[in-house]
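Just so you know, these numbers use all the heavy atoms, side chains as well, and skip hydrogens, waters and symmetry mates. Lettering follows sequence order; numbering is per chain, from 1.
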2 protein chains.
Amino acid sequence: MKNDVKCPLNYTMNLIGTKWKPLILFHLLEENLRSGVLQKHISGISNKMFTQTIRELEKDGLVFRKVYPVVPPKVEYGLTERGKSLEPILRGLDAWGLKDSKI
Amino acid sequence: MKNDVKCPLNYTMNLIGTKWKPLILFHLLEENLRSGVLQKHISGISNKMFTQTIRELEKDGLVFRKVYPVVPPKVEYGLTERGKSLEPILRGLDAWGLKDSKI
DNA sequence: TAACTATACCACTTTTTAGTAAGTTATTGC
DNA sequence: GCAATAACTTACTAAAAAGTGGTATAGTTA
């Protein structure tokens with residue numbers, strides 16, 4: 001099913017409209033994190049979904065990946081400028097949930 | 001998989017984090033619409049998904065449904081106060097998509 | 001009386017998303 | 001030699017989301 005190109009909202013939802021993407025982006029707002037640390041922050045995510053989701057975010061240029069050539073591996077993730085530009089939206093979603101869940 | 005109750009973002013995504021929900025809400029921002037008209041605004045949605053999605057929005061108190069007892073049926077949908085409180089977020093998502101898609 | 005209307009339901013199938021569990025890598029330290 | 005490590009990767013399965021096509025309704029109009 002094709003999306004309506006005329007609706008930018010659709011464009012946005014295609015980029016971040018999944019279960020885990022907003023969560024991962026949100027947890028990177030404050031600081032870059034090592035792969036394992038970030039994953040532990042996202043309660044409930046499976047190893048597979050984490051890798052898969054962050055790969056897509058990377059492919060879409062919302063997240064960057066920095067690999068340190070050491071053993072054992074060290075990988076760091078952070079937001080790109082494009083990713084950072086989502087900050088108001090992510091905070092908005094979070095704030096709305098906080099407020100609404102108290103009603 | 002349970003969601004992290006501690007993260008309000010998760011709460012919000014549970015309410016509107018699907019393919020069609022934000023679209024439907026967005027198209028109701030300006031005015032209440034008859035079922036058929038609304039559905040035609042959402043390009044690509046199937047009849048079944050429309051009904052199913054709007055039922056959930058109604059159940060969650062984001063959308064109200066007004067039925068006129070006439071034949072053929074007339075049904076109107078609109079945003080509740082709770083639904084309207086999502087306006088900044090919906091517009092934010094739309095605006096972000098518009099800006100980003102031009103880069 | 002038969003077609004038309006707007007809305008919504010149901011059964012069924014396909015597609016997408018998510019979860020589990022195991023295996024891979026290359027080096028350190030015992 | 002072998003376990004421990006961090007970050008994946010793969011094969012398989014389960015669950016959720018979405019699509020298709022058909023049916024019901026009951027007045028109005030032709």
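When rounded to the nearest whole Å, the span between CZ of A:Phe50 and P of C:dT17 equals 19 Å. Rounded to an integer number of Å, the gap from NZ of B:Lys74 to P of C:dA8 is 13 Å. Separating the CG atom of A:Leu33 from the P atom of D:dA7 is a distance of 11 Å, rounded to the nearest angstrom. As a whole-Å value, the separation of A:Lys40 NZ from D:dA6 P is 7 Å. One interatomic measurement links the two molecules: OH of B:Tyr68 to P of C:dA8, which rounds to 13 Å at whole-angstrom precision. In this structure, CH2 of B:Trp20 is placed 9 Å from C1' of D:dA18, rounded to the nearest angstrom. A:Ile42 has its CD1 atom 14 Å from the P atom of D:dA7, to the nearest Å. Computed from coordinates, the A:Glu76 CD to D:dA6 P distance equals 15 Å when rounded to whole Å.
Along DNA chain C, the nucleotide nearest A:Val71 and the nucleotide nearest B:Ser35 are compared for position; the residue whose nucleotide lies closer to the 5' end is B:Ser35. Residues A:Arg65 and B:Gln52 each lie close to DNA chain D; by heavy-atom proximity, the contact nearer the 5' end of the strand is made by A:Arg65. Along DNA chain D, the nucleotide closest to A:Lys48 and the one closest to A:Val67 are compared, and the more 5′ of them pairs with A:Val67.
A:Tyr77 comes within contact range of the sugar-phosphate backbone alone, with a heavy-atom separation under 4.0 Å but no base atom that close.
Salt bridge annotation for B:Glu56-B:Lys59: absent, with no cationic side-chain nitrogen under 4.0 angstrom from a carboxylate oxygen.
For A:Pro73, whose side chain is taken as the heavy atoms from C-beta onward, the closest listed nucleotide among D:dA18, C:dT7, D:dA7 is D:dA7. Side chain of A:Lys19, nearest nucleotide from C:dC10, C:dG19, D:dT9: C:dG19. Listed nucleotides C:dT7, D:dC8, C:dA8 differ in distance to B:Thr51; the shortest reach to its side chain belongs to C:dA8. Taking every side-chain heavy atom of A:Val75 into account, D:dC8 is the closest of D:dC8, C:dT7, C:dA8. Closest to the side chain of B:Ser46, from the set C:dT20, D:dA6, D:dT20, is D:dT20.
Applying the 4.0 Å criterion to OP1 and OP2 of D:dC8, one finds that A:Arg34 has every side-chain N and O outside that range. A close approach under 4.0 Å does occur between a side-chain nitrogen or oxygen of B:Arg55 and OP1 or OP2 of C:dA8.
A pairwise comparison of heavy atoms in B:Ile24 and B:Phe50 identifies CD1-CD1, 4.1 Å as the closest pair.
In this structure, the side chains of B:Thr12 and A:Asp100 stay at 4.5 Å or more apart for every pair of heavy atoms.
Between B:Trp96 and A:Tyr11, the two ring planes are tilted [angle within 30° to 60°].
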### Task
For salt bridge (Lys or Arg N to Asp or Glu O under 4.0 Å), just list the numbers for A:Lys84 and A:Glu81, CA-CA rounded to whole Å, side-chain angles, deciding distance to a tenth of an Å, and then say yes or no.
CA-CA 5 Å; A:Lys84 280 179 192 161; A:Glu81 283 310 308; 3.6 Å; yes
